[in-house]
Visitor: 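The following block contains the structure, expressed as structure tokens.
Residue numbers begin at 1 in each chain, while the letters A, B, ... track the order of the sequences.
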Number of protein chains: 2
Amino acid sequence: MECKVGRRSDHSKEELYELALQAAREIIDADGPRALTARNVAGAIGYSPGTLYNLFENLDDLITHLNGRLLDEMGDALAGTPVGDDTSENLMLLLHRYLSFIGERANLWNLVFEHTIPGDRVPTWYRRKVEKVISILEGALAPAFHCIDGEGPNRSARVLLASLHGIWSLGSSGKLDMMTSETTTEMAENLIATYVAGIEACREHGNAC
Amino acid sequence: MECKVGRRSDHSKEELYELALQAAREIIDADGPRALTARNVAGAIGYSPGTLYNLFENLDDLITHLNGRLLDEMGDALAGTPVGDDTSENLMLLLHRYLSFIGERANLWNLVFEHTIPGDRVPTWYRRKVEKVISILEGALAPAFHCIDGEGPNRSARVLLASLHGIWSLGSSGKLDMMTSETTTEMAENLIATYVAGIEACREHGNAC
DNA sequence: CTGACCTATTGAACGTCGTTCAATTTGCTG
DNA sequence: CAGCAAATTGAACGACGTTCAATAGGTCAG
């Protein structure tokens, strides 16, 4: 009988990877970021802590991979959003998908994006996932620039994505709240409406913004 | 002789508070966020870990107070920035002070603003410090709105502050970097220029942004 | 089928962490 | 000078991330 230790064949390495990521998500959602410990994840998937270190370099690495997975899903959530000629409308549709995606996994999103990837460099595969989200924004911004390939859409997509990140980040941490309870959504909508109006104003006046 | 333990009168409670905050800053600057431990701070000021718990509720509380102190200093760094009739110019001046303030204490700023204040609510004294910074931005935004007291400048100040936070946050973590090395400064300048242009465009066209 | 290798898995172990608290010493008050 | 209050300590607790010798199961050559 299987008494103490030794090799198992309950799951392949890929299955274990998925199990671990999924368990990590559930732990964070249920008990908050500080409950994400190696022992908790290992216990949740029915393995010992040491096994996690066959799958990930360390806990930071697990979080980085969770971060990547979340970026994938954000990309999926934004993909397929209809794109028309009205840049503002395009972005508003994306915004609401963006915010509801985050809102449904607030704890997870916060942990994972406030996590600083240690070491010197963010992995390449991670940056590719970011690029994918950026490119969706670029598509939505294209009408305002009359092109999709220029420097303008790319820069604006980055600026907007980072800005939305900041609005969510400060908003959800409660650090911006005040007497007038301006919601995260209202701020984000204001950002997009005003920024897009700025792009169009600059184009019409031939101004370099 | 003073052999083992007992009350000391080397420093007042206020002095200890300052010593601890200062030691925490130096530890973070020198050895990074993960070196900020109760034992390290206590050792740096020549006291035992337990003493910190006479000054702060816990380590989170210490970080929150450090956060507050940093907000004060940011307020001081932005205060006195000349304000003219050109909103964009006003904000650009503020932006460069903002970014150089953060850049000089990057580790500290990141730790302290990625730190989620635990419990339910952000303390009132903290929000007041945020309001102070916001009000500086409001002043700079006033010319674009032809008034300073309306809902417009306040909302825009919040939107811009949060957006800049996001740009710095993603930029400094390396999560946005790419082939074309767009710098944090360029993105922030683009945000401000475009956003201000948007405000003015909306005002001229009577559009509600 | 068998035995030797390989690899996944374990659980104990190490050092460190945040935090608590009885014990102790000092300053202060009357 | 007695006695109380406050401050300080250091040991202790449980939990943490991480490592690793030991062990069990799978694999495969012969």
Visitor: Verify the distance criterion only: is there a donor paired with an acceptor across the side chains of N67(A) and H115(A) at less than 3.5 Å?
Guide: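 No, no side-chain donor-acceptor pair sits under 3.5 Å.
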Visitor: Taking G198(A)'s backbone N and O only, do any of them form a donor-acceptor pair with T194(B)'s side chain (distance below 3.5 Å, no angle check)?
Guide: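 The answer is no, because no donor-acceptor pair under 3.5 Å joins these two groups.
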Visitor: Given the ring of Y126(A), does R121(A) sit roughly above its face, with NZ or CZ under 6.0 Å from the centre of the six-membered ring and within 45° of the axis?
Guide: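 Ring-cation test returns no.
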Visitor: Under 3.5 Å, is there a donor-acceptor pair between the side chain of R127(B) and the main chain of K175(A)?
Guide: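 Answer holds: no.
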Visitor: Atom CG of L36(B) to atom P of dT19(C): distance rounded to whole Å?
Guide: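 After rounding, the reported distance stands at 11 Å.
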Visitor: Can you check the N40(A) CG to dG14(D) C1' distance for me, whole Å?
Guide: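 Between C1' of dG14(D) and CG of N40(A): 14 Å.
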Visitor: May I ask you to list the residues of residues 57-67 of chain A, by number, that have any heavy atom positioned under 4.0 Å from an atom of DNA chain D?
Guide: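 Listed by number, they are N58(A), L59(A).
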Visitor: Evaluate salt bridge (charged side-chain N to carboxylate O under 4.0 Å, His left out) for D72(B) paired with K129(B), printing each intermediate quantity in order.
Guide: CA-CA 6 Å; D72(B) 285 338; K129(B) 294 174 191 295; 2.9 Å; yes
Visitor: Within the side chain of E18(A), is there an N or O that forms a donor-acceptor pair under 3.5 Å with the backbone of E15(A)?
Guide: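 No; judged by distance alone, with no hydrogens or angles, the pair does not exist.
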Visitor: Taking the six-membered ring for Trp, is the centroid-to-centroid distance between W125(A) and H65(A) below 6.0 Å?
Guide: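 For W125(A) and H65(A), the ring centres are under 6.0 Å apart.
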Visitor: Pick the nucleotide of DNA chain D nearest each of H11(B) and T37(A); which residue has the one closer to the 5' end?
Guide: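 Nearest nucleotide further toward 5': that of H11(B).
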Visitor: Indicate whether any N or O donor in one side chain lies under 3.5 Å from an N or O acceptor in the other, for Y195(A) and S156(A).
Guide: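 Note: Y195(A) and S156(A) side chains meet the donor-acceptor criterion.
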Visitor: In whole angstroms, how far is the C1' atom of dC20(D) from the CG atom of L52(A)?
Guide: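 Distance check: L52(A) CG to dC20(D) C1' gives 16 Å.
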Visitor: Please give, in whole Å, the distance from dC17(C) P to I27(B) CD1?
Guide: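 One finds 11 Å between P of dC17(C) and CD1 of I27(B), rounded.
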Visitor: Are S48(B) and dG10(D) close enough that a side-chain N or O sits under 4.0 Å from OP1 or OP2?
Guide: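 S48(B) to dG10(D) OP1/OP2: no side-chain N or O under 4.0 Å.
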Visitor: When you match R39(B) and S9(B) each to their closest nucleotide on DNA chain C, which lands nearer the 5' end?
Guide: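 That would be R39(B).
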Visitor: Quick one: D10(A) CG to dT9(C) P, roughly how many Å, whole number?
Guide: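 From D10(A) CG to dT9(C) P: 8 Å.
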Visitor: State whether a side-chain donor-acceptor pair under 3.5 Å links H96(A) with E189(A).
Guide: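 Result is yes, a qualifying pair exists.
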Visitor: In whole angstroms, how far is the P atom of dA8(C) from the CZ atom of F56(A)?
Guide: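 From F56(A) CZ to dA8(C) P: 15 Å.
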Visitor: Just call it for T51(B): base, sugar-phosphate, or nothing, with non-hydrogen atoms closer than 4.0 Å on any strand.
Guide: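 It contacts base atoms.
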Visitor: Which nucleotides of nucleotides 1-7 of chain D have their base under 4.0 Å from a protein heavy atom (B), which only their sugar-phosphate (S), and which neither (-), written as one string 5' to 3'?
Guide: -----BB
